[in-house]
Amino acid sequence: MKTTSLLPFFLAVTAGPNLAPACLTEIERHGGHILTSLHKRQDSPPLSNDNTVPIGTGDRFNNGTLFPRGIGSRPYAQTQGQNLTGITQLETVYNVAEIKSALLGLQREYSSQVIYFELPHKTYQNATMFGAKVRSKIPKGQQSSNKGYRVLLEAAIHARERGGPDYTINFVSDLLYADKHSLPNITYGGVSYPLSQVRTALSLGIVIIPLVNPDGVSYDHSTNSCWRKNRNPLSSTPSEPYSIGIDLNRNFAPVWNFTNDLAPLDLPPASFDPSSETFAGTAPLSEPETKNIDWAMASFPDLTWFLDLHSMATLVLYGWGHDSNQVTDPQMNLLNPIYDHKRGIIPDQLISPSWGYKEYIPQAEWDASILAAGHVASRMTDSTGRTYVAIQATSLYPTSGNSVDHGKWRKIAAKSKRSINGLAVEFGVANGEAECMFYPTAGMHRLNMIEVGVGLMELLGAAGRL
Ligand SMILES: [Zn+2]
């Protein structure tokens, strides 16, 4: 498929007015912080979480003896007067213990389809990261095999973006429940998927890592401090609470060293100041959390798609994140040193009317990214009526070291024979009633869950087709 044939569609999906702050507010992009009171309040009681959906207390899955079920199966059951099993509670957000307990519950309920696993690198606070492998049926004796998984879903890399783990887990719960009980469909708001499509999605093999930043999320839940980064203090200054932590979504490898890899930009994509919300860390993949995602990309040999859940901008983003794309010159790529200090300027006319850097992407990968992102955005819009827009990530603001581009970087850096296409979904909108605008209200939490269910289903659909 030629790019030209996609142009009308591309324009349609990029012509949205809705460029909300996404993961980073304007104040934070300029080096500030939205809750400046944290400087004085590190050891104070938790900040307010009024007007937000609260964090769950205890363990609704009772250490994996009960299992979650999403909201996609509920509409059918209601029309049939059926009592469904499994826990569906939308009134609170899953706490850290519950996220693990939910995966153990899924493994227990769907033992031939779900395998809980742990990742090798422990966090600074010694937490073990974990995930689940999910598919139609795991062949006997192949529980330990990582072959046959096409799609990797992750959430909560930014601690304060509450809800991502819940939506990821509840979505796969819906697939598994509908498959086991042969529900005729699953339904998210205005969008339904027949059982045949559910089973096709499961047949692709799905890996979920729903809690990429466990230390940050634990801290955020206990303090309501709108915490974004991890909690590694090794670069921090005592008495400077914001100097703790690395922005994990600036710590991946692609153009990590932005002061060398990119041209000087008025507003750099990241920072080497530990007090910044976009502190990139001390080296690419310096953090155990990003090492674990890199490990997952290396360890599941059949992955072709990756999706990272963020909030809040009602956007679907595809790569590259640091410059516009081109398909004709593979040598014009992010590892070629002759282009150091030249990348990242958009539009290119600012360098020279006749020359500019654009990042190489194979035509088929670019086409697939545009098509997948467009389907995800348009069907998320159909589910609730809130408008989602698909754009290239660099149109929002240039980023370095981001997760979405890491799977493509691995191929160019010859760490892999295949490229992993990436998308980021920025679900939901700002909660203007809350001290931290990233914490959804109960109503927003429900809308986000519906929309993300559709977004993940559309990604799986695209992964099967493209
Ligand atoms: Zn984010």
Side-chain angles (χ1 to χ4, degrees), residues 18-29 33-35 52 93 99 152-168 208-217 219-221 225-231 242 245-252 254 269-271 276-281 287 289-290 293 306-319 321-322 373 376-377 380 388-406 422-431 434 436-440 444-445 448 451-452 455-456:
N18 190 1
L19 292 188
C23 297
L24 203 59
T25 66
E26 273 304 296
I27 294 170
E28 292 169 330
R29 288 187 68 210
H33 303 283
I34 49 176
L35 294 187
T52 72
V93 171
I99 296 168
L152 171 61
L153 308 176
E154 70 164 45
I157 193 169
H158 287 141
R160 65 195 181 183
E161 296 169 12
R162 291 183 180 175
D166 310 52
Y167 311 150
T168 314
I208 64 170
I209 302 176
L211 182 60
V212 176
N213 184 2
D215 296 353
V217 170
Y219 180 75
D220 182 69
H221 283 186
S225 54
C226 216
W227 194 257
R228 169 181 167 93
K229 301 188 285 181
N230 75 359
R231 294 292 298 167
Y242 276 116
I246 285 85
D247 182 353
L248 297 174
N249 207 32
R250 299 292 182 279
N251 188 242
F252 287 90
S271 174
S276 168
E277 294 286 1
T278 59
F279 177 43
E287 303 308 294
E289 296 90 343
T290 50
I293 299 304
F306 167 83
L307 187 141
D308 199 356
L309 278 180
H310 294 262
S311 70
M312 69 277 153
T314 57
L315 289 174
V316 181
L317 307 172
Y318 56 90
H322 60 277
V376 169
M380 288 177 83
Y388 277 77
V389 176
I391 56 172
Q392 190 176 337
T394 196
S395 310
L396 180 62
Y397 42 70
T399 59
S400 56
N402 76 67
S403 65
V404 165
D405 290 341
H406 190 72
L423 298 182
V425 166
E426 294 268 359
F427 60 76
V429 296
N431 179 355
C436 176
M437 67 180 88
F438 293 88
Y439 302 166
M444 290 173 167
H445 185 49
N448 294 345
E451 290 164 353
V452 172
L456 297 181

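Read the numbers this way: they start at 1 and go in the same order the structure lists the ligands and their atoms. All residue numbers refer to positions in the sequence shown, counting from 1.
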| request: Walk me through it: do Arg228 and Cys23 pass the test side chain to side chain contact (heavy atoms under 4.5 Å, CB included)? | output: CA-CA 9 Å; Arg228 169 181 167 93; Cys23 297; 3.5 Å; yes
| Stepwise side chain to side chain contact (heavy atoms under 4.5 Å, CB included) test for Val376 and Tyr318 | CA-CA 11 Å; Val376 169; Tyr318 56 90; over 6 Å; no
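- Of the candidates Asn249, Asp247, Asn230, Asp247 is the only one forming a side chain to side chain donor-acceptor pair (under 3.5 Å) with His158.
- Between the Zn ion (ligand 1) and Glu161 there is an N/O/S contact shorter than 2.8 Å.
- Closest to the Zn ion (ligand 1) among the N, O or S atoms of His158 is ND1.
- Glu289 contributes atom CD, which lies 11.0 Å from atom CD of Glu154 (distance to the nearest 0.5 angstrom).
- Atom ND1 is the N, O or S atom of His310 at the shortest distance from the Zn ion (ligand 1).
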